[in-house]
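What's counted below: heavy atoms across the whole structure, side chains too, no hydrogens, waters or symmetry copies. Each chain gets a letter, A, B and so on, in the order the sequences are listed, and its residues count up from 1. Everything quoted here is computed from the prediction, not taken from an experiment.
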There are 2 protein chains.
Amino acid sequence: MPFTRTLPLVGISTSDINKADACCSPLTHEAIAPDQADALARSLKALADPARLRIISIVAAHADAEACVCDLTDQLTLSQPTISHHLKVLVDAGYLSRTKRGTWSYYSLVPGSLDTVAGVLAAV
Amino acid sequence: MPFTRTLPLVGISTSDINKADACCSPLTHEAIAPDQADALARSLKALADPARLRIISIVAAHADAEACVCDLTDQLTLSQPTISHHLKVLVDAGYLSRTKRGTWSYYSLVPGSLDTVAGVLAAV
DNA sequence: CGGTAACATTGATCGTTGTCAATGTCTACG
DNA sequence: CGTAGACATTGACAACGATCAATGTTACCG
C-alpha cells in the first residue's frame, strides 16, 4: 500500500491565519503533508510514462486482467529488457503483480490500485 | 485541454485474437492508443513531483482556490525561482491559471482539471 | 524619477531515468 | 545433459528534470 487512503484534508483548523495585510487569502482547510506529497508523487511517477500506461492498459484489456510478457513485446516497439524494466517499476509501485507459470511470466492488475491513486488525486 | 475525456476503451472488438496456442489470453476490449498514452503521461508527469503536489494542495486549501506566490514561498523550502518554475509547469499542463493584480501573481486551480485526469486514470 | 519589492527568465549543475546490448537464470524438452 | 526459449539483471549512455545563483522585468512608493 503505497500511501494511506485517508488524507485528512478537510475540516481541520480554518483558524488564526490573519496576516491582516496585503496579498494572502485565508485558508479553508489544511494542505497536504510533505511526506504524503512524497508518497503520492512516487506513485504518480510510476504511472507517468507512455510505455507503462500502455502496459497497464494492455494488461487490463486481457481476460482476468492478466497478460504475459509476449503480449507486451508484440504490441510495444521496445526491447525486451526495456519492457522488463517497466514491469519492475509497476510491480514495485504496487500496480501489477507477477506470477510465473512454467516458462512464462504473467502480470496482473492489482485490483483497486488505479482507483485508489485516482481517488487520492481527486481529493487534492 | 490536455487530452480528450472519452477514451474509447470499452466494447470494441473482442474479436479474432485466437493465437490458438500457448501463453496469451484473449482480449476483452481495446487497449489505450499510443498517442493517448503520451498525452496522459504528460499530464501525469506534471503532477508527479512532491513540490508541485504541495503547490496544488496549498492553492486548493485557500479560499476561492486561489493563492499568491508568497503563500508558497512561505510554506515550501524552495527558492523563489524553483517555485516559479514549478508554477509554470502546472500552468502549462492546465492545472493552474495565473492572474496578476498589481505586484502580486495569483494562481488558481483550473476547476475540474484534477477530476478529469483522475477519471481518465480510473478508466485505465 | 530613483529605489524597492514581487515575480519571471536565463544559465549552469547534477542527479534521475528511459533505452538498449550483453549476459545471466531458469524451465522445458529431446 | 545439452540446447533452446522466456524472461530478468547488469552496465553504459544519452536525455531529461529539479534546483539555485544571477539577472531581467514590471509595478508601486517616496
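- For C:dG18, one of the phosphate oxygens OP1 or OP2 lies less than 4.0 angstrom from a side-chain nitrogen or oxygen of A:Arg52.
- Distance CG (A:Asp74) to P (D:dA6): 11 Å, rounded to an integer number of Å.
- Taking atom CZ on A:Arg42 and atom P on D:dG17, their separation rounds to 20 Å, with Å as the unit.
- Looking only at distances, no side-chain donor or acceptor of A:Ser105 sits under 3.5 Å from a matching main-chain atom of A:Arg98.
- Side-chain N or O atoms of A:Tyr95 include one that pairs as donor or acceptor with a backbone N or O of A:Ser43 at under 3.5 Å.
- Rounded to a whole Å, the CG atom of B:Leu76 is 13 Å from the P atom of C:dC7.
- For the salt bridge (Lys or Arg N to Asp or Glu O under 4.0 Å) test, no residue two or more places apart in sequence or in another chain qualifies with A:Asp64.
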For nucleotides 8-16 of chain D, give me one character per nucleotide, 5' to 3': B if any protein heavy atom sits under 4.0 Å from the base, S if the only such contacts are to the sugar-phosphate, - if neither. BB-------
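- Rounded to a whole Å, the CG atom of A:Asp49 is 14 Å from the C1' atom of D:dG17.
- In this structure, A:Lys100 has no salt bridge (Lys or Arg N to Asp or Glu O under 4.0 Å) partners at least two apart in sequence or on a different chain.
- Counting only distance, with no hydrogens or angles, the side chain of B:Asp71 and the backbone of B:Cys68 share a donor-acceptor pair below 3.5 Å.
- For B:Thr103, the side-chain atoms get nearest to D:dA27 when compared with the rest of D:dA27, C:dC7, D:dA18.
- In this structure, the side chain of B:Arg52 does not engage the main chain of B:Leu90 through any donor-acceptor pair within 3.5 Å.
- Going from atom CG of B:Leu72 over to atom P of C:dA6 covers 14 Å, rounded to whole Å.
- The distance from atom CZ of A:Arg101 to atom C1' of C:dC26 is 17 Å, rounded to the nearest whole Å.
- Atom P of nucleotide C:dT17 and atom CG of A:Leu44 are separated by 14 Å, given to the nearest angstrom.
- Nucleotide C:dT17 holds its P atom 18 Å from the CG atom of A:Leu78, rounded to whole Å.
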